[in-house]
Amino acid sequence: MLKLCRAEACQAAGGDALAARAEAKLGVSLGSTTADDRVTLEPIYCLGLCATAPSAMLDGRLIGRLDQKRLDALVAEAQR
């Protein structure tokens, strides 16, 4: 499960664009699961990493300072 923080701090730090990128790469919208049931893309409202926004969580692992490159790597990891 890939969770993307949608709280204000993460949105202000570019989270909206990253969420759109994840949706496009996975072919699903937030709150949905891919057709192969491998990845669920969930919005989450605050992971407590506001100082390192934007942030995400992949299978319980917290990731801060998310950018396009790190997001692409997370999506690829989630799809394995």
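Being a predicted model, the structure only gives us computed values, none of them experimental.
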Task: Pair listing, salt bridge (Lys or Arg N to Asp or Glu O under 4.0 Å) test, anchored in residues 49-64, at least two apart - done: R61-E77

Open item on the list: Which Ile, Leu, Val, Met, Phe, Trp or Tyr residues join Y45 in one cluster when any pair of side-chain heavy atoms under 4.5 Å counts as a link?
Closed with: none

Show the atom names and distances, to 0.1 Å, of all donor-acceptor pairs under 3.5 Å that link a side chain in residues 23-30 to residues at least two apart or in another chain.
| residue | atom | partner | partner atom | Å |
| --- | --- | --- | --- | --- |
| E23 | OE2 | L30 | N | 2.9 |
| S29 | OG | S32 | OG | 3.4 |

Open item on the list: If you compare all heavy atoms of D36 against all heavy atoms of V39, which two are closest, and at what distance to 0.1 Å?
Closed with: OD1-N, 4.4 Å

Open item on the list: Are the side chains of T33 and L41 in contact, using a 4.5 Å heavy-atom criterion?
Closed with: no

TODO: Quick one: list whatever passes side chain to side chain donor-acceptor pair (under 3.5 Å) with R21, sequence neighbours left out.
DONE: Q68, D72

- [ ] State the SG-CG distance between C5 and L18, to the nearest 0.5 angstrom.
- [x] 11.5 Å

TODO: Report the residues that fulfil salt bridge (Lys or Arg N to Asp or Glu O under 4.0 Å) with D16, sequence neighbours left out, ordered by chain and then residue number.
DONE: R6

Task: Sub-4.5 Å side-chain heavy-atom contact between V75 and L2 - done: yes

Task: Crowding at CD, E8 (>12 non-hydrogen neighbours, <6.0 Å) - done: no

Task: Pairwise side-chain contact, I63 with L58, heavy-atom cut-off 4.5 Å (strictly under) - done: yes

Task: Minimum heavy-atom distance R70-D67, with the two atoms named - done: N-OD1, 2.8 Å

N/O donor-acceptor pairs under 3.5 Å from side chains in residues 48-57, not counting sequence neighbours:
| residue | atom | partner | partner atom | Å |
| --- | --- | --- | --- | --- |
| T52 | OG1 | L49 | O | 3.2 |

Open item on the list: Tell me the closest heavy-atom pair linking M1 and E42, and the distance in Å.
Closed with: SD-CG, 3.7 Å

